[in-house]
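Here is the structure we will look at, set down as structure tokens.
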Amino acid sequence: MFRRRTHDEQAQAVAAVLEDQIRDPQAPKGRPTPKRSEAQNARRKAVTTPTDRKAQVRAAREARREDLAKRREALANGDERNLPAAHQGPVRKFTRDYVDSRYRVAEFFLPMAVLILVGSLLPALQTLSLFLWLLVIVLIVVDSVITGIALRRQLAKRFPDQNTKRAVSYGLMRTLQMRRMRLPKPQVARGAKL
């Protein structure tokens, strides 16, 4: 039960597992169902872990690195299959496209904040910069409310039987990012009809 396997036994177990995985799930299996004890023994043999701890850590690190590279590439290209779970689905895709199709006041917050801060350093412009802070905040709030209401209506119309929970907050958080820095990258041009 707790003995070491030879490399030949490990290779046979791996080949058996790969052979089972390649089979089409709809095709008939072409053999009788194995007994429970045989299936348990096959599962025990199929577990192949590297014999030394360093190799295990190295393999896990490499697998994690490959997964992260796939996700990063998906975020850059907008590939739906490899996106992180928070960005997947037709509701999230429509929300991203809706936000990216128009100019939003909130996406210009960082450049405006830098200009206002530089202006506040000059004594002659301190009062004006304080007024501009207030104006920018009010514009962002008003634009966010209008965007949220319109997005909620569009989601209810296009996806009446799907879960649209948190989609509006997802869209509003996307408006706060500058268009160039948004991930996943915008897939629609400004002014595009959805």
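Tested against R92 for a side chain to side chain contact (heavy atoms under 4.5 Å, CB included), the candidates R174, E80, R166, H87 yield a single pass: R166. Paired with I140 under the rule side chain to side chain contact (heavy atoms under 4.5 Å, CB included), one option of V136, V142, I137 passes, and it is V136.
Using a distance-only test at 3.5 Å, with no hydrogens or angles considered, no donor-acceptor pair links the side chain of N77 to the main chain of D79. With hydrogens and angles disregarded, a donor-acceptor distance shorter than 3.5 Å links the side chain of K185 to the backbone of R180. Within the 3.5 Å criterion, the main-chain N or O of A63 finds no donor-acceptor partner in the side chain of D67. Although no hydrogens or angles enter the test, the distance criterion places a donor-acceptor pair under 3.5 Å between the side chain of Q88 and the main chain of L83. Within the 3.5 Å criterion, the main-chain N or O of L117 finds a donor-acceptor partner in the side chain of S120. Side chain of N82 to main chain of K70: no donor-acceptor pair is present (N/O by atom type, distance under 3.5 Å, no hydrogens or angles).
Linking ILVMFWY side-chain heavy atoms closer than 4.5 Å, directly or via other members, places V138 and L172 in two distinct hydrophobic clusters. Placement of L135 and I116 within a single hydrophobic cluster is found when ILVMFWY residues are connected by side-chain heavy-atom separations under 4.5 Å, directly or transitively. In the hydrophobic clustering of this structure, L176 does not group with M181; members are Ile, Leu, Val, Met, Phe, Trp, Tyr whose side-chain heavy atoms approach within less than 4.5 Å, directly or through other members. At a threshold of 4.5 Å between side-chain heavy atoms, the hydrophobic network of Ile, Leu, Val, Met, Phe, Trp and Tyr places V105 and V99 in two separate groups. One hydrophobic cluster, built from ILVMFWY side chains closer than 4.5 Å, holds both F159 and V168.
We find the CG-OG1 distance between D100 and T95 to be 10.5 Å, quoted to the nearest 0.5 Å. The line from OG1 of T164 to CG of L151 is 9.0 Å long, rounded to the nearest 0.5 Å. Interatomic distance, CG of L155 versus CZ of F94, reported as 6.0 Å (0.5 Å rounding). To the nearest 0.5 Å, the span separating OH on Y98 from CD on Q154 amounts to 6.0 Å. Atoms CG and NZ, on N41 and K35 in that order, are 12.0 Å from each other to the nearest 0.5 Å. Rounding to the nearest 0.5 angstrom, the gap separating the CE atom in M112 from the CG atom in L132 is 9.5 Å.
Contact detail for P84 and L75: the closest heavy-atom pair is CD-CD2, 4.0 Å. Closest heavy-atom contact between V91 and A167: CG1-CB, 3.8 Å. In terms of heavy atoms, A86 sits closest to Y170 at O-CE1, 3.9 Å. Of all heavy-atom pairs spanning L194 and S101, the tightest one is CD1-OG, 4.0 Å. Considering all non-hydrogen atoms of both residues, A113 and W133 come closest at CB-CH2, 3.8 Å. In plain terms, the two heavy atoms of P90 and Q162 that are nearest each other are CG-OE1, 3.8 Å.
Taking the six-membered ring for Trp and thresholds of 30 and 60 degrees, F108 and Y103 have nearly parallel ring planes, at less than 30 degrees apart.
Contact check on R190 versus E107 returns a salt bridge, with a Lys/Arg side-chain nitrogen under 4.0 Å from an Asp/Glu carboxylate oxygen.
No more than 12 heavy atoms of other residues, nucleotides or ligands lie within 6.0 Å of CD in E73, so this atom counts as exposed by the packing criterion. The local environment of CZ in R179 is crowded, with over 12 non-hydrogen atoms from other residues, nucleotides or ligands closer than 6.0 Å. Within 6.0 Å of atom CZ in R153, 12 or fewer heavy atoms from other residues, nucleotides or ligands are found, so the atom counts as exposed in its surroundings. Atom CZ of R152 has 12 or fewer neighbouring heavy atoms from other residues, nucleotides or ligands inside a 6.0 Å radius.
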